[in-house]
Amino acid sequence: MKKKMLFMAINMNLGGTEKSLLNLLHGLNKEEHDITLLLLEKSGLLLSEVPHHVKIESLEGYKTIKPYIQQGIKSNVKVLIKSNKFKDLLHYTAASIATKITGNDKFKMKFYAEQVSQCQEVYDVAVAYAGPMDFISFYIAEKVDAKTKYQWIHFDVDKIGFSTSIVETIYPSFTKIYTVSKEGKAKMTSRFPFLEKKLDVSENRLSPELIKHLGEETGFLTDFKGIRILTVGRLSNEKGQDRAFPVLNRLVSRNIPVKWYFIGEGPERKTYEAQIKKYGLENQAILLGAKLNPYPFMRECDLYVQPSKHEGFCITLSEAKVFNVPIIATDFTGAKEQLNPYGQGQIVSNTDTEEFIDTVCERVEALWKEKNVTTELKQEAT
């Protein structure tokens with residue numbers, strides 16, 4: 001008999017968590033597992049990549065509660081009054097008061113969970129994969145009938161916002177809690193020592209063979225002869241793409257032919273476009289948008305840089321390593337585990353801006369010098 005498994009996530013956008021989940025789903029034998037993927041929102045570029053045997057469902061009613069989760073109490077009360085939803089207003093107010101008195105967010109989570117469709121199936125395994133995400137953790141722990149329940153932690157718990165009361169009251173019900181790096185496990189253990197026996201490490205999965213195969217396609221379509229830097233990630237503050245613009249400004253002032261390409265979309269696009277214009281870097285900083293297949297660009301770049309302010313593991317480092325390219329990353333959670341054993345990896349301070357600028361500039365100048373020497377030798381040989 002097949003093992004019935006439920007994985008719960010936010011969506012299938014083009015991110016590290018989603019790609020890791022995708023690789024995990026592809027790795028599960030369809031002859032042995034009956035898999036359901038429950039999404040808060042049935043959207044994202046990676047939806048089409050989910051294995052055909054995986055049933056994809058969306059949580060009915062989530063659109064209704066999403067504003068409650070994102071907005072403050074005052075805004076929610078105003079919306080409920082304006083919509084004449086007085087029964088919901090009563091329940092929401094009671095949940096908010098109970099949360100404030102006890103300091104425990106489970107009362108609000110219970111209200112949210114009552115507004116969405118309930119899980120009718122019984123599973124062997126249920127996984128809160130997009131974590132920490134308080135509502136998903138609560139839903140899997142309290143609203144899903146499963147023999148075994150797992151929680152995944154993909155982010156740096158010292159950097160992101162999440163409810164410690166949910167961790168304290170809900171997480172003990174999980175059979176195992178997986179972090180995606182050893183450093184991530186150490187941080188969880190330090191903050192929540194009562195969970196130590198449940199904590200374990202499960203690094204984000206990837207297939208080097210598949211990545212190499214996908215990387216054989218064409219990436220950059222221009223014949224630019226200078227140094228190509230690449231960064232892959234959502235255009236958001238925590239990914240640190242804004243750190244690139246002072247670097248490019250200095251390199252341009254030194255007459256180094258360089259272009260920095262950014263693959264990804266996100267809320268900071270307009271901000272970054274304004275900064276690019278401010279520095280006059282329209283020809284050097286190239287926002288390529290989201291790419292379902294970033295691997296040809298990784299294969300063809302001269303230098304991969306991950307300037308993130310915080311991460312849980314950062315799967316793009318592992319992907320770039322497949323192509324044996326030089327890599328520079330800031331010192332976020334999981335970076336040392338991935339780059340210290342890697343001969344072409346370099347980690348810089350996450351707080352010293354000048355160190356970051358100096359390090360990237362020095363590496364680019366060295367690569368440019370090396371490229372010139374190689375070109376001259378080829379010309380002499382012919």
Verdict with supporting geometry, E60 and Y62, side-chain hydrogen bond (donor to acceptor under 3.5 Å, both in side chains) | CA-CA 6 Å; E60 186 179 345; Y62 178 72; over 6 Å; no
Does any donor atom in the side chain of [X] or [Y] lie under 3.5 Å from an acceptor atom in the other side chain?
{"X": "S173", "Y": "K149", "result": "no"}
{"X": "E238", "Y": "S236", "result": "yes"}
{"X": "Y129", "Y": "S20", "result": "yes"}
{"X": "E311", "Y": "S308", "result": "yes"}
{"X": "S137", "Y": "Q151", "result": "yes"}

Less than 4.0 Å between a side-chain N and a carboxylate O, is that true for [Y] and [X]?
{"X": "E273", "Y": "K277", "result": "no"}
{"X": "E319", "Y": "R299", "result": "no"}
{"X": "E265", "Y": "R269", "result": "yes"}
{"X": "K3", "Y": "D34", "result": "no"}
{"X": "K309", "Y": "D156", "result": "no"}
{"X": "D358", "Y": "R250", "result": "yes"}
{"X": "E365", "Y": "R254", "result": "yes"}

Between [atom1] of [X] and [atom2] of [Y], what distance do you get to the nearest 0.5 Å?
{"X": "L248", "Y": "I229", "atom1": "CG", "atom2": "CD1", "value": "6.0 Å"}
{"X": "C301", "Y": "I227", "atom1": "SG", "atom2": "CD1", "value": "10.5 Å"}
{"X": "N23", "Y": "S207", "atom1": "CG", "atom2": "OG", "value": "7.0 Å"}
{"X": "L39", "Y": "I10", "atom1": "CG", "atom2": "CD1", "value": "10.0 Å"}
{"X": "L38", "Y": "Y139", "atom1": "CG", "atom2": "OH", "value": "6.0 Å"}
{"X": "K185", "Y": "M188", "atom1": "NZ", "atom2": "CE", "value": "11.5 Å"}

Determine whether the aromatic ring centres of F138 and F135 lie less than 6.0 Å apart.
-> no
Report yes or no: is the cationic atom of K4 (NZ for Lys, CZ for Arg) closer than 6.0 Å to the six-membered ring centre of Y123, at no more than 45° off its axis?
-> yes
The complete set of ring pair (Phe, Tyr, Trp, His ring centres under 6.0 Å) pairs with one or both residues in residues 201-235, sequence neighbours excluded, reads F220-Y261, F220-F297
Output the rest of the hydrophobic cluster of F107: all Ile, Leu, Val, Met, Phe, Trp and Tyr residues reachable through side-chain heavy-atom contacts under 4.5 Å, sorted by chain and number.
-> none
If I compare all heavy atoms of [X] with all of [Y], which pair ends up nearest, and what's the gap?
{"X": "P172", "Y": "V167", "value": "CD-O, 3.4 Å"}
{"X": "I140", "Y": "F174", "value": "CG2-CE2, 3.8 Å"}
{"X": "V180", "Y": "G312", "value": "CG2-O, 3.6 Å"}

Describe, in one word, how the ring planes of Y178 and W152 are oriented to each other, choosing from parallel (under 30°), tilted (30 to 60°) and perpendicular (over 60°).
-> tilted
Worked check of salt bridge (charged side-chain N to carboxylate O under 4.0 Å, His left out) between K66 and E41 | CA-CA 10 Å; K66 186 178 179 180; E41 299 173 307; 2.6 Å; yes
Following the transitive rule for hydrophobic clusters with a side-chain heavy-atom cut-off under 4.5 Å over Ile, Leu, Val, Met, Phe, Trp and Tyr, establish whether I256 and L281 coincide in one cluster.
-> yes
Please list, chain by chain and in numerical order, all residues satisfying ring pair (Phe, Tyr, Trp, His ring centres under 6.0 Å) with F111, sequence neighbours excluded.
-> Y68, Y92
